[in-house]
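A note on names: the letters A, B, ... follow the listed sequences, proteins ahead of strands, and every chain is numbered from 1.
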Amino acid sequence: MPIQLFNTLKRIKEDFVPIDPERVRMYVCGPTVYDFAHIGNARPVVAFDILYRLLRETYGVDHVIYARNITDVDDKIIARAAESGEKIGDLTQRTELAFLDDMGSLGAMVPDIQPRATEHIAGMVTMIADLIKSGHAYVAEDHVLFNVSSYDDYGHLSGRNRDEMIAGARVEIAPYKQDPADFVLWKPSAEDQPGWDSPWGRGRPGWHIECSAMSEKHLGRTFDIHGGGQDLIFPHHENEVAQSTCAHGGETFVNYWLHNGYVMVEGEKMSKSLGNFYTVHDLLDEFPGEAIRLALLKTHYRKPLDFTKGGLQNAKMDLDKLYRALKETPAQSSAPSNKVMEALKDDLNTPLAMTYMFELAQGGGARDQLLASGKLLGILQHDPEDWFKGKASGDDGGLSDTDIDDLIEKRKQARVDKDFALSDSLRDELQNQGIILEDGAQGTTWRRS
RNA sequence: GGCGCGGUGGCGGAGUGGCUACGCAGCGGCCUGCAAAGCCGUGUACACCGGUUCAACUCCGGUCCGCGCCUCCA
């Protein structure tokens, strides 16, 4: 079966046919680096990580190029730095490192290219100049604005027409706009704001232009896949399409647009005012990154996801079950399960893929495919021993291994003496410390709960 | 108000016009000194109301509920 993907552009699932199978190219909107990534930021990272892995498996690891941008110039960054007094460069660098660190904990592979907006200003300026030259943009009061009415297909991606947009606008329209739907490509910077010299004075780019300039530079004028959160469809991606298409004389910008669904937390929508957003950084103190990853993958990427700590516990138990199977039957090197592959090829159906993972774990001869299939999903790559002892997630505080072994030894003697009261109290003591004992044929083993 | 997405058993969550996934929890059993883990068995759910059909959870229409976006806010 070919890979099928739901294309937002057409609102249908369709076969994925790359422009060049030797060079499959995808671009995903990355973070604005002013704060720790929350679970809503993590979802697209994990979802498109699955796609990246699937494409590499299908077309070969050297034939896929994955770019994810770092937005390091933005008004929120400016505002945050002003609040805290931290230098902008320090804030963005620190946040970017934290982001990579957190996403790494979630088992997300590092994209091939991670372009920073501030390192691509020249490309943006060139693109803006081209847009002005071709009549798709104009200068007004030190701003450069994109002229929406110059692009007939505006609104196609998000499925709206301009009348609707104007009717629904609830934001004050800047007086210098020729058309209320026009959006900013370049804006002036005050003395204390980051800015770059340009033909239109010292300023900084608008939000959307960076993705257009950076994708062009690294992936070309037309590429295969562009991904991001559903909330980016409008205006961000709509505007990207308009800019890039117009800057490229009408050439197609992207063939497949993919969008992941939104995230809720504990049954409520995530919002800063409710203070109910979980940062990945905080969650990692409580749960293994792999459990967070699985909690995200247990829901299909296009569906709404209610992220809960209960769900995380559950994901951890799922992993316990799979790791247990790996421990019992160490996997040989093998290809991923065909069923898991097929599930992923069907628009990244990770929940269905998990069903097959449990099937593989269910004894039988197919268990050796578990490890290779897990790799495709970005799970199960730790040593099972480390997983159960908490070493895979750095959660190995409290009792030391020797402490535990000593207590187990004591309990063993008690059991030989048939002093079950003592034996059970030792086990309870360990359990209170989060250590669960399992008496097997080969003696007693332990794991962290 | 406009556009879009979703509502499946106690929970999570796939899928299909007719043959009742899967995981967790629960219950019963085997095993165990007792547990834990494992194994076996067990649960006829698909928001509501109409319609189409021999047959709908699955198709169509409407209603209700939840959520996202509606331009400088990622």
- C1' spacing across the pair B:A55 / B:G13, given as an integer number of angstrom: 27 Å
- Message: If you assign each of A:Met264 and A:Leu232 to its closest nucleotide in RNA chain B, which residue comes earlier from the 5' end?
- Response: A:Met264
- Hey, does the side chain of A:Thr299 come within less than 4.0 Å of B:G13's phosphate (OP1/OP2), counting only N and O? yes
- Task: Report yes if at least one side-chain N or O of A:Gln362 is closer than 4.0 Å to OP1 or OP2 of B:C40; otherwise report no.
- Result: yes
- Query: Counting any heavy atom closer than 4.0 Å, what does A:Ser423 reach on the DNA or RNA strands: base, sugar-phosphate only, or nothing?
  - Reply: base
- Query: Within the structure, does a side-chain N or O atom of A:Arg11 lie under 4.0 Å from either OP1 or OP2 of B:G4?
  - Reply: no
- Message: Can you tell me if A:Lys303 touches the phosphate of B:G7, counting only side-chain N or O atoms and a distance under 4.0 Å to OP1 or OP2?
- Response: yes
- Rounded to the Å, how far apart are A:Gln433 CD and B:A36 C1'? 18 Å
- Message: What's the gap between B:C24 and B:C57 when it is taken at their C1' atoms, as a whole Å value?
- Response: 23 Å
- Identity of whatever pairs with B:G17 - Watson-Crick or G-U, under 3.5 angstrom: none
- Which whole-number value in Å describes the distance from A:Asp179 CG to B:U71 C1'? 11 Å
- Measure the CG-CH2 distance between A:Asp320 and A:Trp387 for me, rounded to the nearest 0.5 Å. 6.0 Å
- Message: Please classify the nucleic acid contact of A:Arg415 as base, sugar-phosphate, or nothing, using heavy-atom distances under 4.0 Å.
- Response: base
- Message: Need one value for A:Arg427: base, sugar-phosphate or nothing, where a base atom within 4.0 Å counts as base even if backbone is also close, heavy atoms only.
- Response: base
- Task: Quote, to the nearest angstrom, the C1' distance that separates B:G17 from B:A56.
- Result: 6 Å
- Message: Please give the distance between the C1' atoms of B:C48 and B:G43 as a whole number of Å.
- Response: 25 Å
- OP1 or OP2 of B:G23 under 4.0 Å from side-chain N/O of A:Asn314: no
- Task: Tell me which of A:Lys76 and A:Ala421 sits closer to the 5' end of RNA chain B, going by the nucleotide each one is nearest to.
- Result: A:Ala421
- Query: Are A:Lys316 and A:Glu290 close enough for a salt bridge, meaning some N to O gap below 4.0 Å?
  - Reply: no
- Calculate, to the nearest 0.5 Å, the distance between atoms NZ and CH2 belonging to A:Lys76 and A:Trp207 respectively. 8.0 Å
- Which base, if any, makes a Watson-Crick or G-U wobble pair with B:G6, both distances under 3.5 Å? B:C65
- Which part of the nucleic acid, if any, lies within contact of A:Leu437, taking any heavy atom under 4.0 Å across all strands shown: a base, the sugar-phosphate backbone alone, or nothing? base
- Query: Do the numbers put A:Lys309 on top of the ring of A:Phe287, so that NZ or CZ is under 6.0 Å from the six-membered ring centre and no more than 45° off the axis?
  - Reply: no
- Message: For B:A21, does the base pair up with any side-chain atom of A:Thr355 as donor and acceptor (N or O, under 3.5 Å, distance only)?
- Response: yes
- Rounded C1' spacing from B:G6 to B:A47 in Å: 12 Å
- Any strand, both distances under 3.5 Å, Watson-Crick or G-U wobble: B:G33 pairs with none
- Do A:Glu96 and A:Arg116 sit within salt-bridge range, that is, some charged N less than 4.0 Å from a carboxylate O? yes
- Taking atom types as modelled and ignoring hydrogens, do the side chains of A:Ser149 and A:Asp179 form a donor-acceptor contact shorter than 3.5 angstrom? no
- Message: By the 4.0 Å heavy-atom rule, please label A:Asp439 as base, sugar-phosphate, or nothing.
- Response: base
- From CA spacing to verdict: salt bridge (Lys or Arg N to Asp or Glu O under 4.0 Å), A:Arg411, A:Asp439: CA-CA 11 Å; A:Arg411 175 168 170 272; A:Asp439 296 331; 2.8 Å; yes
- Do any side-chain nitrogens or oxygens of A:Lys321 fall under 4.0 Å of OP1 or OP2 in B:C24? yes
- Rounded C1' spacing from B:G7 to B:U63 in Å: 14 Å
- Message: Between B:G51 and B:U58, how far apart are the two P atoms, rounded to whole Å?
- Response: 14 Å
- Task: Please measure how far the P atom in B:A36 lies from the corresponding atom in B:G26, and state the result in whole Å.
- Result: 10 Å
